[in-house]
Amino acid sequence: MRLLFPVIVLIGVWLSPLLLRAADVPPAQPEIFPVDQIKPGLRGLTYTVMKGNEIVPLQTEILGVAKNAQGPGLDLIIGRLIDEKTQLTGAVHGMSGSPLYVDGKLVGALSERIATFEKDGHCGFTPIADMLKVENLIHPASQARQQSESLPLINFTALLPQNMGSPGPGFSALAVPLSVSGVRPDIFTQWLNRCGLGREMLLTVPGGGSMDTTSVGALKEAMEIKAGSPLAAVFMSGDISIAGTGTCTWRKGDHILAFGHPMFGFGDSELPMAGAEIVTTIPSFETPYKLSNTGPIVGTIYQDRVSAIAGILGQAPPLATYLIERTHEGEKLPALKGTFAPHPLLTPLLVGTAMQSALSESLEMARTLSVHMTGDLTFANHPALKLDGIFSGEENTLPDLLASTLQPLQKLFALRDDHLVAQNLHISFDTEERMKNWTVESIHTDAREIEPNGQIHLTVELREEYGARTSQTFALSLPENIKSGAVAIRVGGSAELDNNRLTRNIQNAHTVDEMINLFNQRRLQDRVYVQAVTTATGEVVHDREMPALPGSIRSVMEGNNNSVASVPLSEQVWLELSAQLPGVVHGRQEVEVAVK
């Protein structure tokens with residue numbers, strides 16, 4: 001007996017390093033720990049990466065289960081990180097998906113902080129059983145749509161504008177750190193908000209970009225994705241890099257589950273998936289987060305659901321390309337180029353971010369400037385959308401101009417047409433450090449009376465704000481339909497003229513191609529427009545103009561206005577001409593001529 005005790009001690013000393021090393025690595029194919037067997041006081045290990053690619057265990061205590069905390073039938077396991085490594089931070093943004101094991105069995109994924117300034121490591125875990133339901137859907141999106149009716153898909157933009165994914169007071173979803181490089185974080189955050197995607201589940205942070213893919217061979221071992229590894233959803237790569245980083249929870253073959261909560265809540269998705277390297281973990285009681293670099297694309301995220309994101313390693317999804325050429329004060333600046341994820345809800349966000357980022361260097365040179373933009377966004381099997389425009393003014397109003405330029409793009413993708421996929425963005429910016437605004441100062445005609453089907457010449461005088469002047473001459477041939485009466489010759493910039501007709505035509509468009517072609521006809525700010533207008537006594541019925549509607553029919557319609565959607569049409573635009581100027585055109589003038 002006296003010999004037995006020293007032997008046991010020696011065996012324990014010999015085995016302890018092996019046991020510690022085993023605990024350092026999560027089991028490859030673990031059993032599932034059922035939620036109904038969770039008891040307060042259980043101890044486990046949560047696996048994550050704090051720096052580099054080394055997966056480390058964090059001592060974790062389980063406190064209990066909050067029933068239905070994330071929605072009907074969606075429980076939240078409540079625990080506490082009691083490890084020295086997280087003493088200052090608690091649960092860190094970027095740990096989303098870090099797997100929790102008890103007795104070698106997989107319990108779930110770290111997904112919540114209990115409170116923003118919580119100092120005792122309290123946190124929430126999504127049960128792995130809920131995440132595995134999403135695993136059944138990780139097929140190419142075309143197949144997944146046929147199977148997705150049984151799982152909850154929340155339109156977070158519409159239903160949860162303030163607290164996307166937050167179960168209620170006292171809980172705070174771990175955010176996905178969006179590492180951005182090549183663009184200021186505040187620019188990307190601004191466009192997230194403009195596109196209705198700015199939510200507490202996303203945290204824009206500076207720093208990390210894409211790692212050099214020429215050394216992929218050397219990175220292969222470090223970038224292998226497994227439970228506890230960093231995992232990134234890539235939105236943009238190249239000169240501008242944007243990726244959201246969390247943690248892989250579970251891997252079986254080439255199937256991946258991660259995050260333990262949604263990213264955007266898109267449901268069926270096709271987003272690039274990559275490994276990541278954690279540069280460091282930033283400690284903070286308020287907003288601790290992981291700063292990361294993004295690795296090469298290694299697969300596709302096909303699902304973005306309430307309980308998890310899910311994907312397949314292997315083939316990458318189709319990507320769109322961007323090329324933004326820049327000239328400032330006649331000097332060529334380096335072009336920006338790369339790829340982006342052509343998801344319908346992300347394309348306006350990423351295009352807007354790229355365009356404003358391309359101009360940020362010019363904005364740092366001058367606070368007032370003019371910007372001339374030409375280019376287009378091409379789609380598969382659809383006409384290209386023109387993105388021409390001009391801006392002149394203070395730099396703080398530039399985002400509003402870009403937003404108005406991209407309004408057609410947002411409206412197109414609001415249709416949710418699965419076949420509308422961006423392929424290539426090609427934009428050229430020409431900037432100058434001075435404002436270029438022209439005002440319509442006066443207009444003159446060579447006659448005040450004209451015969452039916454006759455022609456009249458119009459001269460438009462314009463003045464630039466620094467004193468320069470110019471004039472434009474137009475020959476207007478009035479249509480033969482105007483037999484007699486007064487005709488208003490109206491002159492103005494695009495902002496001063498009525499756009500109701502174009503708006504109505506766009507609303508009546510039956511196909512995406514029709515809508516794109518109509519958007520391409522919209523008025524531009526660097527043109528002066530001339531219209532011939534007469535009064536009308538018609539109606540706009542179901543958004544269709546009827547300028548010569550007989551009075552008897554109008555009377556019937558007015559008597560039954562509850563059954564017919566119509567509004568009075570007060571004027572008819574017979575023709576419209578335009579001329580381009582080297583700046584933004586403002587102002588409006590009008591002169592009346594008589595047809596006799």
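Values below: every heavy atom of this structure, side chains too, minus hydrogens, waters and symmetry copies.
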Search all heavy atoms of Ala227 against all heavy atoms of Ile55 and return the closest pair with its distance.
O-CD1, 3.4 Å
Is the side chain of Asn520 donor-acceptor paired with the backbone N or O of Leu385 at a distance under 3.5 Å, no angle test?
no
Sequence-distant partners of Thr204, side-chain hydrogen bond (donor to acceptor under 3.5 Å, both in side chains), two or more places apart:
Thr189
Minimum heavy-atom distance Thr294-Ala243, with the two atoms named
OG1-CB, 3.3 Å
May I ask you to decide whether Lys386 forms a salt bridge with Asp376, counting only side-chain N to carboxylate O separations under 4.0 Å?
no
Are Leu350 and Tyr322 close enough that some pair of their side-chain heavy atoms sits under 4.5 Å apart?
no
So, the side chain of Thr281 versus the backbone of Met50: is there a donor-acceptor pair under 3.5 Å, distance only?
yes
Give, for atom CG of Leu100 and atom CD1 of Ile77, the distance between the pair rounded to the nearest 0.5 Å.
7.0 Å
Determine the minimum heavy-atom distance between Ser98 and Thr247, stating which atoms define it.
OG-OG1, 3.5 Å
Polar side-chain atom of Asp130 near backbone of Ala308 as donor-acceptor pair, under 3.5 Å
no
Does any part of the side chain of Asn293, heavy atoms only, come nearer than 4.5 Å to the side chain of Ser181, both counted from C-beta?
no
Between the main-chain N or O of Asp430 and the side-chain N or O of His372, is there a donor-acceptor pair closer than 3.5 Å?
no
Which distance, rounded to the nearest 0.5 Å, do you find between the CD1 of Ile128 and the CG of Leu257?
6.0 Å
Taking the side chain as every heavy atom from C-beta outward, state whether Leu231 and Ile309 have any pair of such atoms under 4.5 Å apart.
yes
Criterion side chain to side chain contact (heavy atoms under 4.5 Å, CB included) on Ile516 and Phe379, from CA distance to verdict:
CA-CA 11 Å; Ile516 292 175; Phe379 304 98; 4.1 Å; yes
Just do the side-chain hydrogen bond (donor to acceptor under 3.5 Å, both in side chains) check on Glu325 and Ser428 with the steps written out, would you?
CA-CA 5 Å; Glu325 298 173 302; Ser428 295; 3.2 Å; yes
May I have the step-by-step check of side chain to side chain contact (heavy atoms under 4.5 Å, CB included) for Leu406 and Trp191, ending in yes or no?
CA-CA 11 Å; Leu406 292 178; Trp191 280 96; 3.9 Å; yes
Hey, does Val92 have a side-chain heavy atom less than 4.5 Å from the side chain of Thr86?
no
Any donor and acceptor pair, going by atom type alone, linking the side chain of His261 with main-chain N or O of Leu174 inside 3.5 Å?
yes
Tell me, do Phe429 and His328 make a side-chain contact under 4.5 Å, heavy atoms counted?
no
Within a 6.0 Å radius of atom CD on Glu31, are there more than 12 heavy atoms belonging to other residues, nucleotides or ligands?
no
If you count every heavy atom of other residues, nucleotides or ligands that lies below 6.0 Å from Asn381 atom CG, does the total exceed 12?
no
Does NZ in Lys252 sit with more than 12 non-hydrogen atoms of other residues, nucleotides or ligands closer than 6.0 Å?
no
Closest non-hydrogen contact found for Ile301 with Ala233 is CD1-CB, 3.6 Å
Name all residues meeting the salt bridge (charged side-chain N to carboxylate O under 4.0 Å, His left out) criterion together with Asp186; count only those two or more places apart in sequence or in a different chain, and write none if there are none.
Arg184
To the nearest 0.5 angstrom, please state how far the CG atom of Leu349 sits from the CG atom of Asn193.
10.0 Å
Which pairs count as ring-ring contact (aromatic ring centres under 6.0 Å, His included) when at least one residue sits in residues 224-249, sequence neighbours excluded?
Phe235-Phe264
Run the salt bridge (charged side-chain N to carboxylate O under 4.0 Å, His left out) test against Lys332 and tell me which residues pass, sequence neighbours left out.
none
Is the backbone N or O of Ser357 less than 3.5 Å from a side-chain atom of Ser360, with the two atoms forming a donor-acceptor pair by type?
yes
Hey, could you give me the CZ/CE distance between Arg113 and Met95, rounded to the nearest 0.5 Å?
10.0 Å
Considering non-hydrogen atoms only, spot the tightest contact between Ala354 and Met236 and give its length.
CB-CE, 3.6 Å
Gap between atom CD1 of Ile256 and atom CD of Glu135 - 0.5 Å precision:
10.5 Å
Nearest heavy-atom approach of Ile240 to Val183 is CG2-CG1, 3.9 Å
Any pair with a residue in residues 336-348 that passes side-chain hydrogen bond (donor to acceptor under 3.5 Å, both in side chains), sequence neighbours left out, goes on the list, sorted by first then second residue, please.
Ser237-Thr339
Return yes if some donor-acceptor pair links the side-chain N/O of Asn68 with the main-chain N/O of Gly73 below 3.5 Å, else return no.
yes
Step by step, would you call His382 with Leu420 a side chain to side chain contact (heavy atoms under 4.5 Å, CB included)?
CA-CA 8 Å; His382 292 288; Leu420 188 65; 3.9 Å; yes
Are Thr245 and Lys290 side-chain neighbours, meaning at least one heavy-atom pair lies under 4.5 Å?
no
Side-chain touch Thr378/His426, heavy atoms, less than 4.5 angstrom
no
Using side-chain hydrogen bond (donor to acceptor under 3.5 Å, both in side chains), reason through Thr321 and Asn424 one step at a time and then give a plain yes or no.
CA-CA 5 Å; Thr321 61; Asn424 175 259; 2.6 Å; yes
Does a side-chain heavy-atom distance below 4.5 Å link Met515 with Leu412?
yes
Residues forming a side-chain hydrogen bond (donor to acceptor under 3.5 Å, both in side chains) with Arg522, sequence neighbours excluded
none
Treating Tyr101 as the side-chain partner and Pro30 as the backbone partner, does any N or O pair qualify as donor plus acceptor under 3.5 Å?
no
Can you tell me if Gln303 uses its side chain to pair, donor with acceptor, with the backbone of Leu137 under 3.5 Å?
yes
Please report the C-alpha distance between Ser229 and Glu224 in whole Å, then the side-chain angles of each, then the deciding distance to 0.1 Å, and finally whether the side chain to side chain contact (heavy atoms under 4.5 Å, CB included) criterion is met.
CA-CA 8 Å; Ser229 296; Glu224 183 183 353; over 6 Å; no
Looking at CE of Met263 and CG of Leu271, how far apart are the two atoms once the value is rounded to the nearest 0.5 Å?
5.5 Å
